[in-house]
Amino acid sequence: MSNAIYIASSEPYSGKTLIALGLMNMLSGKTKKIAYFKPVINEPPEKSKDLHIETIASHFGLTINYEDMYAFTRDQVLHYRSEGNLAYVIDRIISKYKKLEETHDFILVEGTDFMGEGLSFEFDANVSIAKNLGIPVFLILNGEGYSVDETVTSLLSNYQTFNDKEVQVLSVLANKINPVIAEELETELSKRLPKDLLYSIIPLNKDLGNPTMKEITDSVNGKILFGGNLLTNQVDFEIVGAMQLRNCLNRLKDNTLVVTPGDRADIIVAILQANISKNYPKVAGMILTGGLEPEEPIIRLIEGLQTVVPIIQVETGTFETVTRVSNTKSRIYPDNKQKIELAINTFDKFIDIKTFEDKLVTFKPEGITPRMFQYQLLKRAKSHKKHIVLPEGNDDRVLTAAAQLMKKNVVELTILGKKEDIKAAVKRLNLSFDLETVHIINPSESELYDDFVETLYELRKTKNVNMEMARDMMTDVSYFGTMMVYKGLADGMVSGALHTTQHTIRPALQFVKTKPMVSTVSSVFFMCLPDRVCVFGDCAVNPNPTSEQLAEIAISSAESSIMFGIEPKIAMLSYSSGTSGQGEDVEKVRKATEIVKQLRPDLKVEGPIQYDAAVDPTVGKQKMPNSQVAGQASVLIFPDLNTGNNTYKAVQRETGALAIGPMLQGLNKPVNDLSRGCTVDDIFNTVIITAIQSQQ
């Protein structure tokens, strides 16, 4: 067993980045401190930074210095090799690896890229580095174009090379396999590979393998004229727009790149029109060849369009440009979030993570980091998919978050709104979103409407709600969405991007109601600080809770923290600690603390206590040396809404912490409120926690 893994391949473009991203994502949910180390990079930093290092460091928020994540450039290694001084290369790699090992729990090491000459030497170098570092190997084969026998033979040969050098191969991967031969390959691998060796097969995926407009722009040395914000568009097909217009349009498929001379105004205008027409597929972009730009009237026309595609100008002729486009290899880079997420999802789908984890991870982390927390949230939500309703289908942020949720296949969604409006918004936002995978309901036209009206009337007729009022109320998306939850047609609801807190939760208070033995609906935020996650409550609902309400908020918050894998150590916050302070506000907190101790003697609780004494071990030890909570509080209960709301926002803004929530607690079924200033990430995370709440 090991606290590191070495990703190796035997040829270029094998898919090492996919495995690196997948492993980093998996490990982020298991341990606090992970390092990424690539012993040999292609270019010196002053020329260009390594794409793999940049992608991993950016996506996972690594704070390691760039210089600490590599040891040599490829040219430096070849130089020392020519001098017969490879020993120095190995010694320095070990030294830099050990430096990372001192400060990290796990190190992901990625082998060389096999660019340029000396491919056989690079393979041997990977074997030598892995052996000298004493870590097991994840071995990858690029199987694109290989037969079953060729794939098995190559894998066995590469595996045997490592095995002969006494380097443990933990797992092998046949990547980019033709789906037609995948089943036969699975059978052959199970027969011919060692029984204790893990193996996986990942089919060829055009969404990972095909280049983006950014990559093609770089490859053809193009100048961006329009659509620079859409360079992540994927290119699946390419056509030359040199024929008559009708023939050009007939050749369009989804994600087509059109290469045409810059003076073909008819082609340019028609392709832009086709891209926004529902009768034609989405266009990836255009390249205008020959150094020609469209004439001024065409430029003015394009500038006035709401939706365009990337339009790139090149100096080269059409033939040379098409050749360069065809030779463009796709890479995963930091800005392409869509491909990064696809790579991680592909890893999760085709790699036996449970078995791999059992072999690889040999320790239990202490505490929980933000990345561990978010990883575990996604994993839990996926384990038992729930149905969440999003009432605000006319908000761009909600639709963008919905697209991300569906891409990760983490929940079932219903979006309220007019289907045509939502469809138009999805196209305008350039979202990769199959609307057939979600339920879209317009409340006033829904077959559920009359039944919902009748139910609302029966529930609220004693509160002077007549049938006409019920009909009017049920056209409100908050009431309609909440009724879906009440009747079991959805498991939870997330709203508030466009509506006030009261508007969002009023229907839930009226007929979803609170849990038995709970009289106070409250809220918590999960505050993802740099090195830990803690719970803040109540920061959104109760303006000035009584001692009894404060105690109930503390108990509910502790139960929420347990639900999400955080050990509750409750700090009942005030402006004084222990017995040092007097006054009405302090006494309220002191009384609430005693109520918590009486009702839940199993919980660790301290109060009144100041914020610094609650979270800073040094201050906590000085002020309350015998406390089980002081200096290590994970659940912080604020005395009133004014303090709680301002504190969570101050911590969020000043430290860059991610605040997930607010999550409402105490209702029979989960209904959660968003801030009207929420981001797409806020919506995404709130849907995830709502799904987990509904699993309970």
Any donor-acceptor N or O pair under 3.5 Å, side chains [X], [Y]:
X	Y	answer
K176	S14	no
T289	T321	no
T212	Y333	yes

Check side chain to side chain contact (heavy atoms under 4.5 Å, CB included) between [X] and all other residues, then give those that pass, not counting sequence neighbours.
X	answer
N158	S10, F123, L139, L141
T17	L21, H52, I332
K385	N409
A130	Y6, V137, V167

Show me the pairs that pass salt bridge (Lys or Arg N to Asp or Glu O under 4.0 Å) and involve [range], at least two apart or across chains.
range	value
residues 194-203	none
residues 139-149	D149-R192
residues 399-411	E341-K408
residues 49-72	K38-D50, D68-K99

4.5 Å side-chain heavy-atom contact, [X] and [Y]:
X	Y	result
S219	K329	no
Y36	I53	yes
S383	Q695	yes
H59	M24	no
L405	F684	yes

Looking only at atom types and distance, does a side-chain atom of [X] sit under 3.5 Å from a main-chain N or O of [Y], one as donor and one as acceptor?
X	Y	value
N163	Y159	no
S154	T151	no
D352	T355	yes
H79	D75	no
T328	V325	yes
N178	L204	no
T161	S157	yes

Would you call the rings of Y88 and F72 parallel, tilted or perpendicular, where under 30° means parallel and over 60° means perpendicular?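 Rings of Y88 and F72: perpendicular, as their planes differ by over 60°.
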
Which heavy atom of [X] sits nearest to which heavy atom of [Y], and what is that distance?
X	Y	result
N3	D105	CB-O, 3.5 Å
Q404	V680	NE2-CG1, 3.8 Å
P281	D254	CB-OD1, 3.2 Å
A274	Y280	O-CB, 3.4 Å
I64	I34	CD1-O, 4.3 Å
L51	P334	CD1-CD, 3.9 Å

Are the charged groups of K354 and E357 less than 4.0 angstrom apart, N to O? no

Salt bridge (Lys or Arg N to Asp or Glu O under 4.0 Å) against [X], all qualifying residues, sequence neighbours excluded:
X	answer
K206	D236
E238	none
R324	E320
K282	none

Please step through side chain to side chain donor-acceptor pair (under 3.5 Å) for the pair S330 and K339, ending with a clear verdict. CA-CA 10 Å; S330 180; K339 260 189 184 173; 2.5 Å; yes

Please evaluate residues N210 and N255 with respect to the criterion side chain to side chain donor-acceptor pair (under 3.5 Å), reporting the C-alpha separation (whole Å), side-chain torsions for both, the decisive distance (0.1 Å), and the verdict. CA-CA 10 Å; N210 288 352; N255 302 321; over 6 Å; no

Checking L230 against V309 for the side-chain contact (heavy atoms from CB on, under 4.5 Å) test, could you report, in this order, the C-alpha distance in whole Å, the side-chain angles of both residues, the deciding distance, and whether it holds? CA-CA 7 Å; L230 298 175; V309 299; 5.6 Å; no

